[in-house]
J.: 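Let me give you the structure first, and then I'll get to my questions.
In this text, all values refer to a predicted model and were calculated from it rather than measured experimentally.
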Amino acid sequence: MATSVLPPSSEHAPAPEVLLEFPDNRLLIELCGEFDRHLAEIEQRLGVQIIRRGNQLIVHGDPELCQQAAELLSLLYERLESGRPVEREDIDRELRLDRSDEEAAASGPDSQMEMFTGGKVEIKTRKKLVEPRTDAQKAYVKNLYENEMAFGIGPAGTGKTYLAVAVGVSMFIQGHVDKIILCRPAVEAGERLGFLPGTQEEKVDPYMQPLYDALNDFLPGKQLAKLKEEKTIEIAPLAFMRGRTLSNAYVVLDEAQNATTMQMKMFLTRLGEGSRMVITGDRTQVDLPRGVQSGLQDAERLLAPIPKISFNYFTAKDVVRHPLVAAIIEAYDKDEMTG
C-alpha cells in the first residue's frame with residue numbers, strides 16, 4: 001500500500017491532500033464498508049472528506065487530520081490483510097487507543113509485541129477475538145491477566161464485566177483454570193423479588209441474564225450448555241458462595257456495589273489456590289437499602305495498599321455502547337457535581 005501527500009489541486013485549495021493506494025481491490029471494498037459506511041464514520045469522527053477513485057482513496061481536509069485518517073485507514077487495511085474483519089467498533093478502537101507503546105515495542109530488540117511488554121492486547125475465545133477499545137480497557141485487561149484479584153470500577157457500558165468474562169473464558173480454554181464462577185448480589189432495584197412467579201431459580205435468573213449474554217458471545221451454545229450442566233461454569237447469586245473455598249477457578253462478582261460489607265468480605269475470603277477473582281461495580285448505581293454501606297467502597301479503602309490487587313477505573317469516555325450512553329452518564333455526573 002502506498003501513501004503520498006499531494007500538493008493543492010488548485011490555488012484555491014485550503015490544504016494538501018493525502019493519497020492512499022491499495023493493491024487489493026477486494027480488501028479495499030471491505031475497508032470502505034457497505035455503502036462506504038466505514039468511510040462515512042471516519043469522515044464524521046475526524047472532520048475530513050474521503051473520495052474513492054478506483055483503488056485509491058484521497059483524503060481532504062486539515063493536514064493533521066488527513067494524516068490521522070490516512071494512518072487509521074492503513075491500520076484497518078493491515079487488519080484486513082491479516083484475515084480479520086473490520087467493523088465499526090474497530091474504527092472506534094483505533095481512534096481511541098494510544099498506539100505509542102506498541103510502536104516502542106515494535107522498534108525494540110523483540111518486535112513480537114507481546115501482551116505484557118507493550119503491544120496489542122487480544123483475548124481469544126471460542127467464538128470471537130475480543131480487543132480492548134480504550135486505553136483504560138487495555139490496562140484493565142492486562143491487570144486481569146497479571147493479578148490474582150482485580151477490581152473494575154466505573155459506569156455502565158464501559159466493558160467491565162464483558163472483558164472480565166472474556167478473559168475468564170480465554171484462561172479456561174488455555175487450561176489456566178478448571179472452572180468459571182460468575183455471581184451477582186440478588187438485590188431488587190425498586191421491585192420485590194418475592195412477588196415474581198416461578199421457582200427460586202426462575203426468580204433469580206433475570207438478575208443473571210447479563211452474565212449469560214456475555215458467555216453466549218464467547219462460547220458455542222451446545223458447549224456452554226454442557227459446561228453448565230457439568231457445573232464447570234456456574235452462574236449463581238452471591239449468597240450461594242458462603243462456605244465455599246474456590247480453588248483453580250476464575251470467579252467474577254458483578255454489580256459489586258450492591259454487596260454489603262459483610263457479603264464482600266465473605267466473597268473475597270473464598271479465594272483458593274490457583275484461583276482468580278474479578279470484582280466489577282458502579283458506585284453511582286447502589287440499590288442497597290438506605291443507610292446500608294456498599295461493600296465495594298469499603299473494599300477500595302481497605303485493599304488498595306495490598307500488592308497483587310489491582311484497581312482500574314473507567315469514566316464516561318470509556319463507554320463503548322451507543323454514543324448517547326456516554327452523553328447521558330456525563331449529564332448525570334454534571335448534575336451531581338452542580339447539585
J.: Given the rule in the side-chain contact (heavy atoms from CB on, under 4.5 Å) test, do V18 and I58 qualify, once you have shown the distances and angles that lead to the verdict?
T.: CA-CA 6 Å; V18 176; I58 303 170; over 6 Å; no
J.: Answer yes or no: is there a donor N or O on one side and an acceptor on the other, between the side chain of D90 and the main chain of E87, under 3.5 Å?
T.: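 It does hold such a pair.
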J.: Which atoms form the tightest heavy-atom contact between L288 and T260, and what is the distance?
T.: CD2-CG2, 4.1 Å
J.: Taking the side chain from E131 and the backbone from E122, do they hold a donor-acceptor pair closer than 3.5 Å?
T.: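 No; judged by distance alone, with no hydrogens or angles, the pair does not exist.
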J.: Does the R79 side chain pair with the main chain of P85, one donor and one acceptor, at a distance under 3.5 Å?
T.: yes
J.: Salt bridge check, R244 against E234: does any charged N sit closer than 4.0 Å to a carboxylate O?
T.: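 A salt bridge links E234 with R244.
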J.: Side-chain donor-acceptor pair under 3.5 Å between N143 and N312, yes or no?
T.: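 Yes - a donor-acceptor pair under 3.5 Å links their side chains.
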J.: Taking R270 for its side chain and M266 for its backbone only, find out whether a donor-acceptor pair lies under 3.5 Å.
T.: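 Looks like yes, one N/O pair under 3.5 Å.
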J.: Report yes if some heavy atom in the side chain of R276 is under 4.5 Å from a heavy atom in the side chain of M149; otherwise report no.
T.: no
J.: With side chains defined as the heavy atoms from C-beta onward, is the minimum distance between E81 and L27 less than 4.5 Å?
T.: yes
J.: Just how far is it from atom CD of Q263 to atom CG of L253, taken to the nearest 0.5 Å?
T.: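 Atom-to-atom, Q263:CD and L253:CG are 9.0 Å apart.
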J.: Taking F314's backbone N and O only, do any of them form a donor-acceptor pair with K160's side chain (distance below 3.5 Å, no angle check)?
T.: no
J.: Treating S247 as the side-chain partner and G272 as the backbone partner, does any N or O pair qualify as donor plus acceptor under 3.5 Å?
T.: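 Judged by distance alone, no pair lies under 3.5 Å.
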J.: Nearest 0.5 Å, what's the CZ-CG distance between R52 and D36?
T.: 6.0 Å
J.: Taking the side chain as every heavy atom from C-beta outward, state whether I153 and T280 have any pair of such atoms under 4.5 Å apart.
T.: no
J.: Ignoring hydrogens, what is the shortest heavy-atom contact between P132 and V141? Give both atom names and the distance.
T.: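 Minimum heavy-atom contact is CG-CG2, 3.9 Å.
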J.: Verify the distance criterion only: is there a donor paired with an acceptor across the side chains of Q174 and S170 at less than 3.5 Å?
T.: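 A pair is found: one side chain offers a donor N or O, the other an acceptor, under 3.5 Å apart.
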J.: What I'd like to find out is whether the side chain of I181 reaches to under 4.5 Å of the side chain of Y250, using heavy atoms alone.
T.: no
J.: Between the side chain of E43 and the main-chain N/O of I50, is any donor-acceptor distance below 3.5 Å?
T.: yes
J.: Name the one of Q223, E229, E230 that satisfies side-chain hydrogen bond (donor to acceptor under 3.5 Å, both in side chains) with K226?
T.: E230
J.: Taking all heavy atoms of A70 and all of L20, pick out the closest pair and write down the distance.
T.: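 Of all heavy-atom pairs spanning A70 and L20, the closest is O-CD2, 3.6 Å.
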J.: Check whether H60 reaches the backbone of E17 with its side chain - one donor and one acceptor, N or O, closer than 3.5 Å.
T.: no
J.: Is there a donor-acceptor contact under 3.5 Å from the side chain of S275 to the main chain of L246?
T.: yes
J.: Calculate, to the nearest 0.5 Å, the distance between atoms CG and OG1 belonging to D282 and T161 respectively.
T.: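 One finds 10.0 Å between CG of D282 and OG1 of T161.
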J.: Without hydrogens or angle criteria, can the side chains of Q68 and E64 be said to hold a donor-acceptor pair below 3.5 Å?
T.: no
J.: With distance as the sole criterion, is a donor-acceptor pair present between the side chains of E300 and Y313 under 3.5 Å?
T.: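 Looking only at side-chain atoms, Y313 and E300 do form a donor-acceptor pair, the distance falling under 3.5 Å.
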J.: Could you tell me which non-hydrogen atom of C32 sits nearest to which non-hydrogen atom of L57, and how far apart they are?
T.: SG-CD2, 4.3 Å
J.: Check step by step if salt bridge (charged side-chain N to carboxylate O under 4.0 Å, His left out) holds for D217 and K127.
T.: CA-CA 7 Å; D217 263 12; K127 287 177 71 173; 5.7 Å; no
J.: Please answer: with hydrophobic residues joined when any side-chain heavy atoms are less than 4.5 Å apart, are Y162 and L129 in the same cluster?
T.: no
J.: How long is the span from the CG atom in L80 to the CG atom in L28, to the nearest 0.5 Å?
T.: 9.5 Å
J.: Could you go through E148 and K308, starting from their C-alpha distance and side-chain angles, then the distance that decides it, and tell me whether this counts as salt bridge (charged side-chain N to carboxylate O under 4.0 Å, His left out)?
T.: CA-CA 6 Å; E148 293 176 354; K308 297 302 289 181; over 6 Å; no
J.: What closest approach, in Å, do E94 and L76 show between heavy atoms, and which atom pair accounts for it?
T.: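 Smallest interatomic distance, heavy atoms only, reads CG-CD2, 4.1 Å.
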J.: Is D298 reaching over with its side chain to a backbone N or O of T261, donor-acceptor style, under 3.5 angstrom?
T.: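 No, because the side chain of D298 does not come within donor-acceptor range (under 3.5 Å) of the backbone of T261.
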J.: Kindly give the heavy-atom pair with the smallest separation between C183 and M241, and that separation in Å.
T.: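 Result for this residue pair: SG-CG, 4.1 Å.
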J.: Measuring only between side-chain heavy atoms, which start at C-beta, is I279 closer than 4.5 Å to M264?
T.: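 Yes, their side chains come closer than 4.5 Å.
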J.: Any salt bridge linking R37 with E41? Criterion: basic side-chain nitrogen under 4.0 Å from a carboxylate oxygen.
T.: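 So R37 does not pair with E41 through a salt bridge.
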J.: Report yes if the distance between the aromatic ring centroids of F172 and F218 is under 6.0 Å, otherwise no.
T.: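 Between F218 and F172, which both carry aromatic rings, the centre distance is not below 6.0 Å.
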J.: In the structure I gave you, are the side-chain heavy atoms of K179 and N248 within less than 4.5 Å of one another anywhere?
T.: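 A side-chain contact under 4.5 Å is absent here.
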J.: Tell me, do L296 and R283 make a side-chain contact under 4.5 Å, heavy atoms counted?
T.: yes
J.: With a 4.5 Å limit on heavy-atom distance, are the side chains of F311 and L303 in contact?
T.: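 In contact.
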J.: What distance separates I123 CD1 from L144 CG, expressed to the nearest 0.5 Å?
T.: 7.5 Å
J.: In Å and rounded to the nearest 0.5 Å, what is the CZ to CD1 distance from F22 to I29?
T.: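 Answer for the CZ-CD1 pair, F22 versus I29, is 12.5 Å.
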